[in-house]
Amino acid sequence: MVDVLLGLQWGDEGKGKIVDYFAGKYDIIARFQGGPNAGHTLYVNNQKVVLHTIPSGVFHSNTLNLIGNGVVLDPVTFRKECEKITELGIDLKKNLFIAEKTHIIVPTHRALDKASELAKGQEKIGSTLKGIGPAYMDKTGRNGLRVGDVLHPDFEQAYAKLKTKHLQLLSNYDFSEDISEWEKEFFEAVEFLRQMNIVSGEYWLNEHLKAGKKVLAEGAQGSMLDVDFGTYPFVTSSNTISAGVCTGLGIAPKWISEVIGVTKAYCTRVGSGPFPTELENTTGEALRQAGHEFGATTGRPRRCGWIDLVALDYTCMLSGVTQLVMTKSDVLDAFDTVEACTAYEINGKQTKEMPYQLNGLSIKPVVESFPGWSTPTAASNTYNTLPPEMKKFLSFVESYLGIPVKYVSNGPGRDQILEK
Ligand code: GDP
Ligand code: IMO
Ligand code: MG
């Protein structure tokens with residue numbers, strides 16, 4: 001059986017913390033897409049850890065972790081991450097497995113990402129510059145290198161061939177950085193990667209499933225960044241919705257059971273692109289400060305706004321979400337009024353559907369206002385003790401989406417989560 005946990009907004013919904021909370025109930029946590037563009041924050045023994053490529057179940061002694069074939073892995077970031085986790089006393093040789101069909105990010109992918117963003121000027125995507133787009137382009141363009149290739153004696157030749165292609169592409173851009181240091185680091189990291197458990201991800205996982213093991217598929221990014229259904233072209237390069245689980249792990253849809261959607265009690269976005277409920281005012285700034293909304297991967301300030309139920313309804317539909325987890329509800333404690341967008345007004349007409357393309361449209365969010373609760377909730381330890389005003393807000397979200405909010409996360413800590 002496979003349950004899926006994914007972000008329903010533009011990423012950073014708190015997926016890492018929630019996966020860490022649920023991990024004890026599962027035998028395997030598997031990442032199925034994305035790469036080091038992700039930054040999943042957890043607190044282990046009150047120490048903050050940010051995971052980029054490694055699944056968020058890694059701190060549970062009885063849980064195995066799989067980096068699935070749908071992920072793109074940068075050996076350099078991966079090695080750094082492994083070293084940090086090892087320092088915390090975790091033996092990754094025992095609990096981490098990497099699918100051999102996982103694609104590799106090479107230094108020139110990062111260079112191409114940077115060059116392409118620079119060339120776009122004002123129209124830049126706001127990429128994390130981790131080489132994600134170029135690596136997925138090589139995957140679908142059938143030029144990529146995969147983790148399994150590092151075990152072959154001709155890996156260096158295959159690398160050189162790909163690099164030559166990339167240098168040709170880079171010559172079309174104004175890019176003159178010396179990447180020799182990046183390459184040195186890369187080859188050292190490839191050597192490190194060779195020592196890890198590289199497996200046939202699809203056989204490995206299917207055998208565990210047949211043996212009755214429980215798997216949680218951990219999404220990265222958010223559904224509104226999905227390459228097909230997100231705010232294209234301001235998206236990432238993978239399928240972040242539940243459909244990505246089957247191709248990103250090599251499992252059949254019949255295995256999928258619950259789809260757990262994670263949403264913040266408000267909304268954020270980092271990078272460029274449309275954001276209908278964005279508050280470019282003091283309220284937005286207050287949300288940023290109260291929620292410490294600065295990127296876990298890049299440190300960039302996140303754009304903030306009220307919860308967008310039109311977008312959430314769309315992303316719940318795309319993934320077949322069966323239960324919701326609402327995070328960061330405590331951030332709203334200090335607000336006199338809390339709002340939720342229930343429709344978009346475009347050219348004087350209201351709609352509850354996501355338009356074909358958001359950029360270029362003038363969208364006025366139609367909002368429902370709720371009285372704030374002006375009570376600190378981070379110390380609450382049962383759902384029932386939450387203020388009635390907050391419960392009213394939660395019920396409204398549930399009835400709009402027609403999906404139960406099963407958990408409310410009321411702080412970043414491991415134990416700050418309330419089951420309804
Ligand atoms: P992810 O990418 O979805 O895993 O989310 P990030 O780790 O990028 O961002 C979520 C941020 O919110 C992190 O700093 C978390 O420690 C923090 N966080 C998670 N849940 C809560 C919560 O319920 N309340 C508060 N105040 N912070 C939270
Ligand atoms: P987690 O897993 C928030 C955004 C970038 C940019 C766009 C494309 O932590 O939720 P890319 O590097 O993929 O080419 O960037 O997607 N983005 C994220 N935003 N959280 C993430 O991951 C993100 N990963 C990518 O800011 O707008
Ligand atoms: Mg994040």
Side-chain angles (χ1 to χ4, degrees), residues 5-21 31 33-44 48-53 55-56 71-72 74 105 109-110 112-114 116-117 120 124-137 218-227 230-238 240 262-275 287 289-303 325-334 376-378 380 407-418:
L5 184 141
L6 40 76
L8 295 174
Q9 298 168 310
W10 279 275
D12 303 328
E13 296 88 351
K15 300 173 290 294
K17 174 203 151 148
I18 305 300
V19 171
D20 176 51
Y21 172 77
R31 275 280 303 270
Q33 46 71 232
N37 48 350
H40 296 181
T41 314
L42 346 168
Y43 282 86
V44 186
K48 179 175 169 175
V49 183
V50 181
L51 297 172
H52 302 286
T53 319
S56 304
V71 170
V72 284
D74 182 341
I105 300 176
H109 283 139
R110 277 191 277 150
L112 281 165
D113 213 358
K114 209 168 168 184
S116 144
E117 279 283 85
K120 284 190 169 152
K124 71 173 185 188
I125 307 293
S127 160
T128 59
L129 305 179
K130 302 292 177 190
I132 305 295
Y136 277 115
M137 275 163 75
E218 172 181 2
Q221 288 78 58
S223 311
M224 290 303 289
L225 290 169
D226 181 274
V227 65
T231 44
Y232 194 86
F234 299 96
V235 293
T236 190
S237 300
S238 63
T240 58
V262 186
T263 171
K264 281 181 191 174
Y266 51 99
C267 193
T268 64
R269 170 163 206 169
V270 61
S272 342
F275 180 3
L287 279 170
Q289 293 307 328
H292 305 289
E293 295 295 355
F294 297 89
T297 297
T298 57
R300 291 178 292 177
R302 294 176 182 147
R303 300 155 62 194
V325 177
M326 184 180 278
T327 57
K328 304 195 92 159
S329 56
D330 54 299
V331 171
L332 301 185
D333 288 353
T377 59
S380 301
Y407 296 87
V408 177
S409 169
N410 59 334
R414 246 182 169 177
D415 307 325
Q416 287 172 296
I417 184 159
L418 313 173

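In each ligand, atom 1 is the first atom listed, and ligand 1 is the first ligand listed. These numbers were taken from a predicted model, which means no experiment stands behind them.
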Fill in: Nitrogen or oxygen of Val270 less than 3.5 angstrom from that of ligand 2
yes

Discussion item. Side chain, backbone, both or neither: which applies to Lys17 and ligand 1 if a contact is any heavy-atom pair less than 4.0 Å apart?
Written reply: side chain

Item to complete: Examine ligand 2 and decide if any of its atoms is less than 4.0 Å from a heavy atom belonging to Gly126.
Response: yes

Discussion item. Please work out, at 4.0 Å between heavy atoms, whether the side chain, the backbone, both, or neither of Asn410 comes within that distance of ligand 1.
Written reply: backbone

Worksheet item: Is ligand 2 less than 4.0 angstrom away from at least one heavy atom of Gly39?
Response: yes

Worksheet item: Does Ser237 reach ligand 2 with a nitrogen or oxygen that is under 3.5 Å from one of the ligand's nitrogen or oxygen atoms?
Response: no

Discussion item. Quick test: of every protein heavy atom, which one is nearest to atom 26 (N) of ligand 1, and how far off is it to 0.1 Å?
Written reply: Asp330 OD2, 2.8 Å

Discussion item. Just to be sure I read this right, does ligand 2 sit under 4.0 Å from the backbone of Val235, its side chain, both, or neither, counting only heavy atoms?
Written reply: backbone

Worksheet item: Which of the atoms in ligand 1, numbered in the order shown and given with their element, are less than 4.0 Å from a heavy-atom of Ser409?
Response: 20 (N), 21 (C), 22 (C), 23 (O)

Worksheet item: So, does Gly411 sit close enough to ligand 1 that a heavy atom of it is under 4.0 Å from the ligand?
Response: yes

Practice prompt. Using a 4.0 Å heavy-atom cut-off, say whether His52 meets ligand 1 through its side chain, its backbone, both or neither.
Written response: neither

Worksheet item: Which one holds for Ala296 and ligand 1: side chain close, backbone close, both close, or neither close, with close meaning a heavy atom under 4.0 Å?
Response: side chain

Worksheet entry | Residues which pass side-chain hydrogen bond (donor to acceptor under 3.5 Å, both in side chains) with Asn410, listed by chain and number, not counting sequence neighbours | none

Practice prompt. Flag Glu13 as yes when one of its N or O atoms lies below 3.5 Å from any N or O atom of ligand 2, and as no otherwise.
Written response: no

Worksheet item: For ligand 2, does Arg269 get within less than 4.0 Å through its side chain, its backbone, both, or neither, judged by non-hydrogen atoms?
Response: neither

Worksheet, complete the sentence: Residues passing the side-chain hydrogen bond (donor to acceptor under 3.5 Å, both in side chains) test with Asp12, sequence neighbours excluded, are Arg302

Discussion item. Residue-level breakdown please: for Lys130 versus ligand 2, do any non-hydrogen atoms fall below 4.0 Å on the side chain, on the backbone, on both, or on neither?
Written reply: neither

Fill in: Those atoms of ligand 1 less than 4.0 Å from some heavy atom in Gly16
4 (O)

Item to complete: Pick out which of Glu13, Lys17, Lys328 makes a side-chain hydrogen bond (donor to acceptor under 3.5 Å, both in side chains) with Ser409.
Response: Lys17

Discussion item. Does the residue Arg302 have a heavy-atom contact with ligand 2, meaning some pair of atoms that are separated by less than 4.0 Å?
Written reply: no

Discussion item. Out of all atoms in ligand 2, which are within 4.0 Å of some heavy atom of Ala220? Include the element for each.
Written reply: 2 (O)

Fill in: CG-CG distance between Asp74 and Asn37, expressed to the nearest 0.5 angstrom
11.0 Å

Practice prompt. List every atom of ligand 1 that sits less than 4.0 Å from any heavy atom of Gly39, numbering the atoms from 1 in the order shown and giving each element.
Written response: 1 (P), 2 (O), 4 (O), 6 (P), 7 (O), 8 (O)

Worksheet, complete the sentence: side-chain hydrogen bond (donor to acceptor under 3.5 Å, both in side chains) filter on Asp333, not counting sequence neighbours, yields Trp373, Thr377

Item to complete: Would you mind listing which atoms of ligand 1 come within a distance below 4.0 Å of any non-hydrogen atom of His40?
Response: 1 (P), 2 (O), 4 (O), 7 (O)

Practice prompt. May I ask you to list the protein N, O or S atoms found at less than 2.8 Å from the Mg ion (ligand 3)?
Written response: Asp12 OD1, Gly39 O

Worksheet entry | Which segment of Asn37 sits under 4.0 Å of ligand 2 when only heavy atoms are counted | both

Response to the item:
The protein heavy atom nearest to atom 18 (C) of ligand 2 is Leu225 CD1, 3.7 Å

Response to the item:
The atoms of ligand 1 lying under 4.0 Å from a heavy atom of Tyr43, numbered in the order shown, are 16 (O)

Fill in: Residue part near ligand 2, for Phe234, under 4.0 Å between non-hydrogen atoms
neither

Worksheet item: Looking just at side-chain N and O atoms, do Glu293 and Tyr266 make a donor-acceptor pair shorter than 3.5 Å?
Response: yes

